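First the proteins, then the strands, lettered A, B, ... as listed; each starts at 1. Heavy atoms only: backbone and side chains are in, while hydrogens, waters and symmetry mates are out. Because the structure is a prediction, the values reported are computed rather than measured.
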Amino acid sequence: MAEWKDTCNLPRTAFSMKANLQTTEPETIARWEAMDLYGQLRAARQGRPTFLLHDGPPYANGDIHIGHALNKILKDFVVKSRSMAGFDAPYLPGWDCHGLPIELKVDRELGPKKREMSVADFRRACRAYATKYVDIQRRDFKRLAIFGEWDEPYLTMRYEYQAAIVRALGTFVARDMVYKGKKPVHWCIHCRTALAEAEVEYEPHTSPSVYVEFPMADESRAALAARVPAAAAFQDRPVSALIWTTTPWTIPSNLAVAFHPDLTYAAYDAGGTVVIVAEELGEAIGARVGRPFGAPLATFDGRVMDRLVFRHPLYARDSLGVVADYVTLEQGTGVVHTAPGHGADDYLTGVRYGLDIYGPLDASGHFLDTVELFAGLRVFEANPQVEAALASRGRLWHREDYDHSYPHCWRCHNPVIFLATAQWFIAMDRNDLRARALEAIDRTRWIPAWGRERIHGMIANRPDWCISRQRSWGVPIPAVDCTACGTAVLTAALTERAAQVFTEYSADAWYERPIEEFLPDGLACPSCGGTSFEREANILDVWFDSGSSHEAVLPFAKGHHWPADMYLEGSDQHRGWFHSSLLVGVGTRGEAPFKQVLTHGFVVDEHGRKMSKSLGNVVSPQEVMKASGAEILRLWVSMVDYREEVRLGKEVLARVVDSYRKMRNVIRVLVANLYDFDPATDMVAPADMLEVDRWAMATFAAASARITAAYDDYDYPVVFQASNQLVTVDLSARYVDITKDRMYTFGRASLARRSGQTAMYLIADGLARLMAPILPVTMDDLWRNLPGEREASVHLAEFPAGLARWLDPALLERWVALGAVRDQVNLALEQKRQEKVIAGSLSARVTVAAPGETFALLAGAREELPALFGVSAVEIVDAGDGALDVRVDKAEGLKCGRCWRYVPAVSDAPGVEGLCERCVDALAEPVSL
RNA sequence: GGGCCUGUAGCUCAGCUGGUUAGAGCACACGCUUGAUAAGCGUGGGGUCACUAGUUCGAAUCUAGUCAGGCCCA
């Protein structure tokens, strides 16, 4: 028996069943590098229409995490699929290199040494640190089989890039969109720097909660009585407003108390003093402070308090009654302590009432010497002292601990404060920046579409952009201060000079080259005419750095152009990079630097919760690559709906691995059946092919069209589902199963076998192309194992062409009907198997009684029915109007020793004893190899 | 607290503009195969479409609310 096996055309291939991705991936990637595949691809696509995905630069700090992997893999899908579709799609990766996190890391690494270093030396240490992480991250990105210009990425710390940043700033300056102002900003007293919104994180915090009495000035009591007749009754008694705050240290900076104009307030008798709070809260507050308020003596709208005067509870100065509509009843007393130098709302109120933006603190949060009682104390440590001072004056009515969410510094995780400081701003409403940005948003394609709403709301409501930071590692704002009068000067001539110096020496020059090199000829102070200046020490917000990438990269990089066709980042970048890039683009060129913006969600764990170290549910890309391979990660990215959060966990990965194996095995069978097939000579013309093979081609052509359309829509889950369906159902369970007998036992060079090989060849070749963007290593491996002349790598090839001629809806429809009969047969076979009448399908013969139309269909495919059902014999009966009925019997006759079918008779001729007629013929066929 | 978004079988996804017993693949169970074999084939079980209340002759599909989750703000 065993010898008959040797006469069969059993599949053979070097394309292994086991992928061993952990070793084959690095090998393949090394081979690509050796052959300069990326360079070859650029050359091959020269002159084609371009598709430019502009990379958003990851921050050059730390190892890559799963979010980076998701992002870069999606970008790679876009780049590779556009390239496969025939576009010239270069990819220039970049890194964001400046900024606080690196500065803090380097600071920590240097320790006390830092004190002896110059700023320029410190910056060089930061540069070295960033360089190190660029290398580390680049290594991992390359390991993910991502194509790109890895040897010359763009870095925001490159000299030319730094120059481009100040030039972009110069454009804003030239258009008078930059101003210096005083504003409270989030300030970290530990890092001694202003923080962008993005640099602030909200964390639980326990603050003191205090109720503080602000006595009303004597003359205002009469004024109140004049406005509210009922108040006349107590105008000779002490009257106070009771405020509530969780930051007692801001009391020394209090300049006002705010009331909501439309809320009802009430005056209560609180043991001698008349106290004013929101009426709705009166009873609860009375209980809380331990002084039952009783019935209101008078009630009135908050607006009557406008411009009445209170006295500061600690100092001999006034605190103005003001109205503001952000006052709520959710917490406190309905009367809001207002310190314009220490709060965003407070600031706006202060501006409206012409109050001083008062924040008497130094950079590390110590009260200045001018502050009575608390000079030199640090804000949070001052809290108890403030409470004590209030208590000793009888102004502290109640205090307790209060747990709430409070802003913390994203790096050092210390609580931050609001502090009024001098900062540089880009004005949102000068030169129509905001309006033009909103228009540019409408001209951009947002994927998914809701991205438009999201960024629109942000741009419409955002305050002026604070672009200055008081740190060292970044691009200096080349502003100078007049030494005579202190006026800050920033002109386009200054930025241009800086750009020239930065190009030659890097931006470190600001800290070590003579100031004269930066001063344009004839610079004079616009305020006093002075000609002596000193440098400011502000650097630019890093969002301005990365937001300028289109200015620094697109006009200069090979094959690039402005604007880019696509930006692709996580949905957090609506407030980050998309946002800053849009503002810079509109500022410099009046247009968005992108035509399309695609966003993806975040990676969460299998339960849908965010990944965090504390929850212990973090999955690292390095782990997955080590355990399974980058192809697994890539396949995972393709199957999930990236538009929302994507889940990743053990089971998800296990399922991905299963899918990968299945796909690999099916592909392997196809190649393995082609070991003796040369497309140049053995290809069968469509008209000569068996119907099953044409059906396979029609099915594949339809799938291919669906898949390429999905790539065009960046709809990778459809690519996955369609290819998975094709592979598991159409190919594995149907086509390969049905053709198995033919491929193995028919004459090697028979038309029937060559017909099947033709279909398998075209499908394998097409599948390699179609799946190459998702599984670049596996498909390249497949490619190299396919017969025929072909490009050195599948990645130099394009999506399959010419499949349209195989499309055949009528054929597909016929086979849907045949498939339905096949399902019925399978059902009947299974029943007989359970009854132990038959074992394998070949031990069965089937009689199908089919109604007229179906009978005709079956009769037309009579010859193929045994293969289609996988049984030894099929008899069909016209059932007329009757229903479809399938009868299964044990096959009669003898089992052919070669093809295992049961046949009426086997040969007894010498050399072919025990074989069926078909096998005898197959063996007689001359074989030439 | 606000803005944007999400919630269909254990997992990943389909279910178009509301209309037959909600589908696919994988996983699971059982059987077959041992010439895709650390493979392959078949059959089967499994979903109150997050919940509640509406609109409608009819809702997974529309509206409102609740709950859970994500991103961004406060």
If we take the [atom1] atom in both [N] and [M], what is their distance in whole Å?
N	M	atom1	answer
U21(B)	C67(B)	C1'	31 Å
C49(B)	C62(B)	P	15 Å
G65(B)	G46(B)	P	37 Å
C16(B)	G1(B)	P	34 Å
A60(B)	U17(B)	C1'	15 Å

Has [X] got a side-chain N or O lying under 4.0 Å from the OP1 or OP2 atom of [N]?
X	N	result
Lys740(A)	G40(B)	no
Tyr406(A)	A74(B)	no
Lys5(A)	G35(B)	yes
Lys662(A)	G40(B)	yes

Using a 4.0 Å heavy-atom cut-off across all strands, classify [X] as base, sugar-phosphate, or nothing.
X	result
Asn461(A)	nothing
Gly840(A)	sugar-phosphate
Glu644(A)	sugar-phosphate
Ala672(A)	nothing
Arg668(A)	sugar-phosphate
Thr745(A)	base
Gly608(A)	sugar-phosphate
Ser571(A)	sugar-phosphate
Lys836(A)	sugar-phosphate
Gln725(A)	sugar-phosphate
Val656(A)	nothing
Arg647(A)	sugar-phosphate
Asn665(A)	base
Leu842(A)	nothing

With distance as the sole criterion, do the side chain of [X] and the base of [N] form a donor-acceptor contact below 3.5 Å?
X	N	answer
Arg454(A)	C71(B)	yes
Ser732(A)	A36(B)	yes
Glu645(A)	G70(B)	no

Worksheet entry | Presence of salt bridge, Asp715(A) and Arg643(A), under 4.0 angstrom |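 Result for this pair is yes, salt bridge flagged.
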
Worksheet item: Is it true that Asp921(A) and Arg918(A) make a salt bridge, defined as a side-chain N closer than 4.0 Å to a carboxylate O?
Response: no

Name the closest nucleotide to the [X] side chain, picking from [options].
X	options	value
Asp658(A)	C26(B), U43(B), U37(B)	C26(B)
Gln721(A)	C4(B), G42(B), U12(B)	U12(B)
Ala839(A)	G31(B), C32(B), G35(B)	C32(B)
Arg609(A)	C11(B), G35(B), G70(B)	G70(B)
Val640(A)	A36(B), C71(B), C13(B)	C13(B)
Arg575(A)	C72(B), G42(B), U34(B)	C72(B)
Met639(A)	G42(B), C11(B), U12(B)	U12(B)
Asp641(A)	C13(B), G70(B), C4(B)	C13(B)

Item to complete: Scan Glu830(A), Glu835(A), Lys836(A) and name whichever one has a side-chain contact (heavy atoms from CB on, under 4.5 Å) with Lys832(A).
Response: Glu835(A)

On the 0 to 90° scale, with breaks at 30° and 60°, tag the [X]-[Y] ring pair as parallel, tilted or perpendicular.
X	Y	answer
Trp244(A)	Tyr402(A)	perpendicular
Phe677(A)	Tyr761(A)	tilted
His205(A)	His408(A)	perpendicular

Item to complete: List the steps and the verdict of side-chain contact (heavy atoms from CB on, under 4.5 Å) for Leu923(A) and Arg898(A).
Response: CA-CA 10 Å; Leu923(A) 287 177; Arg898(A) 185 165 173 274; 4.0 Å; yes

Discussion item. Go nucleotide by nucleotide along RNA chain B from the 5' end; which of Val729(A) and Leu10(A) gets its closest nucleotide reached first?
Written reply: Val729(A)

Discussion item. Does the structure show a Watson-Crick or G-U wobble partner for A50(B), both distances under 3.5 Å? Name it, or say none.
Written reply: U66(B)

Worksheet entry | Euclidean distance, atom CG of residue Asp730(A) to atom C1' of G25(B) [Å, nearest integer] | 12 Å

Item to complete: Check whether any side-chain N or O of Ser872(A) sits under 3.5 Å from a backbone N or O of Arg901(A) as a donor-acceptor pair, and report yes or no.
Response: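 Checked: no pair found.
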
